[in-house]
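Predicted model, so just to flag it, every value in this text is computed and none were measured. One-based numbering along the sequence shown.
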Amino acid sequence: MDKIEKVCLITGAGKGIGREFTLSLLMNGYSVAACSRTESDLITLSKLVEERMLSDKFIYKSFDVRHFEATQSFIIDIENKFGRLDCVIINAGVSTENSTVENADLNKWIEAIEINLIGAAKTAKAVIPALKKKGSGNIIFIGSGLGHKGIPGTSSYSCSKSGMWMLTKILAQELIEYNILVNELIPGPVKTKIDRSVNESRTTKAFSNEWNKNPEDVIPLLNFMLSFDETGPTGQTFSLTRREI
């Protein structure tokens, strides 16, 4: 990918694919604003950025995406630092409950919906004015195949990602006149903490031919989606799964 100068916000950037996305985009000429709930993860990420001598293109802030005002405040920081916002990768997510609906801990069930779906919607709402101001933009939701075709015992995660899928499609319709693309990236199984918590043995059994990836394996698809100009596809799902979604 040719090095280009754009500004990207990444939520859930402290570990896993969010961390890999951050480092890859910085190495390819982007300026990146990273956020995560866990400040220690962001400090570790910041040290990796510093080792690559890219700190001037990087800012970070620790907050929970459920807090809309905190996200709004970070958008102001981004515009003050870099002057604009070009793209947003909505990646923050959790898997809190792996049981049948009958046996679910409802507090944990609701927490997954609040972070994965409502947090994603709050992030989108916070960034839209900045993208409209620029006159174009690219929003990428990190979805899941379980949001299209769930399996027993993953109801909170699957339902939250299913809602994100519909949010992608509706936002794409609402924002097309503003030249803002909205698409979903489905990585499929990735060797991260959240995939293990979704019950790796269960998903492997359900989808026996799946490709269990490393986080860096997702980067080529991300780069492809970020390469779209304002006339590119919107309201679409791009997937690395080896199964029907």
Side-chain angles (χ1 to χ4, degrees), residues 8-13 16-18 21 33 35-37 63-72 74-75 85-97 108-134 136-151 154-188 190 194-195 198 218 221-222 224-226 228 230 232-241 245:
C8 188
L9 165 63
I10 304 178
T11 71
I17 61 174
F21 288 171
C35 65
S36 169
R37 286 194 297 174
F63 61 89
D64 192 317
V65 293
R66 289 174 289 184
H67 300 156
F68 179 68
E69 293 77 11
T71 307
Q72 283 186 310
F74 195 38
I75 303 305
L85 180 64
D86 298 280
C87 51
V88 182
I89 301 169
I90 299 178
N91 173 61
V94 297
S95 174
T96 59
E97 178 64 25
K108 291 182 178 179
W109 204 98
I110 292 167
E111 182 184 4
I113 301 296
E114 287 180 339
I115 294 174
N116 298 352
L117 176 56
I118 298 175
K122 287 181 176 181
T123 301
K125 178 177 174 61
V127 303
I128 287 169
L131 297 177
K132 281 186 175 181
K133 186 189 306 181
K134 178 180 173 291
S136 64
N138 195 335
I139 299 174
I140 297 175
F141 289 97
I142 305 302
S144 171
L146 294 178
H148 293 247
K149 188 176 182 180
I151 59 175
T154 66
S155 63
S156 62
Y157 185 79
S158 296
C159 288
S160 68
K161 291 298 186 177
S162 180
M164 177 186 280
W165 173 40
M166 185 53 63
L167 177 62
T168 301
K169 298 178 77 66
I170 290 173
L171 272 177
Q173 296 172 64
E174 293 178 350
L175 297 176
I176 193 168
E177 65 181 289
Y178 302 103
N179 301 315
I180 298 170
L181 307 180
V182 187
N183 292 297
E184 179 188 43
L185 188 163
I186 294 180
V190 180
I194 191 168
D195 266 16
V198 173
V218 186
L221 179 55
L222 176 70
F224 172 66
M225 294 174 68
L226 288 173
F228 301 151
E230 60 190 44
T234 191
Q236 306 302 312
T237 293
F238 297 85
S239 173
L240 289 176
T241 61
I245 57 171

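Two residues are said to be in side-chain contact when any heavy atoms from C-beta on lie closer than 4.5 Å; I128 and L171 meet this criterion. Side-chain atoms of H148 and T237, non-hydrogen and from C-beta on, do get closer than 4.5 Å to each other. Taking the side chain as every heavy atom from C-beta outward, I89 and L185 never approach each other to under 4.5 Å. Residues R66 and I115 form a side-chain contact, since some pair of their non-hydrogen atoms from C-beta on lies under 4.5 Å apart. Looking at heavy atoms from C-beta onward, P187 lies in side-chain contact with I142 at the 4.5 angstrom threshold. In this structure the side chain of F238 reaches within 4.5 angstrom of the side chain of P233, judged on heavy atoms.
Both tests pass for K132 against the ring of Y178: distance under 6.0 Å to the centre and angle within 45° of the axis.
To the nearest 0.5 Å, atom CG of residue N91 and atom CD1 of residue I17 are 4.5 Å apart. Here the CG-OG distance, from N116 to S156, works out to 8.0 Å after rounding to the nearest 0.5 Å. Once rounded to the nearest 0.5 Å, the distance linking OG1 of T71 with NZ of K125 reads 12.0 Å. Here CG of L131 is found 5.0 Å from CG of L85. Values are rounded to the nearest 0.5 Å. Taking CD1 of I176 as the start and OG1 of T234 as the end, the distance is 6.0 Å to the nearest 0.5 Å. For the atom pair CG (L167) and OG (S162), the distance works out to 11.5 Å, reported to the nearest 0.5 Å.
Judged by distance alone, the side chain of S158 and the main-chain N or O of S155 form no donor-acceptor pair under 3.5 Å. A donor-acceptor pair under 3.5 Å is formed between the side chain of T11 and the backbone N or O of A92. Under a 3.5 Å cut-off, the side chain of K169 and the backbone N or O of V182 do not form any donor-acceptor pair.
Heavy atoms from other residues, nucleotides or ligands lying under 6.0 Å from NZ of K134 number more than 12.
I139 pairs with exactly one of T123, N183, L9, V127 by the side-chain contact (heavy atoms from CB on, under 4.5 Å) rule, that one being V127.
Between N138 and F228 the shortest heavy-atom distance is ND2-O, 4.4 Å. Residues G143 and E184 come closest through the heavy atom pair CA-OE2, 3.5 Å. Nearest heavy-atom pair, G147 versus W165, reported as atom, atom and distance to 0.1 Å: O-CE3, 3.9 Å. The two residues F74 and A33 come nearest to each other via the heavy atoms CZ-CB, 3.7 Å. Annotation for A130 and I75: closest pair CB-CG2, 4.0 Å, computed over non-hydrogen atoms. The minimum heavy-atom distance between G163 and L117, with the atom names listed, is C-CD1, 3.5 Å.
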Legend entry - Intermediate values then yes/no, side-chain contact (heavy atoms from CB on, under 4.5 Å), K149 and T241: CA-CA 12 Å; K149 188 176 182 180; T241 61; over 6 Å; no
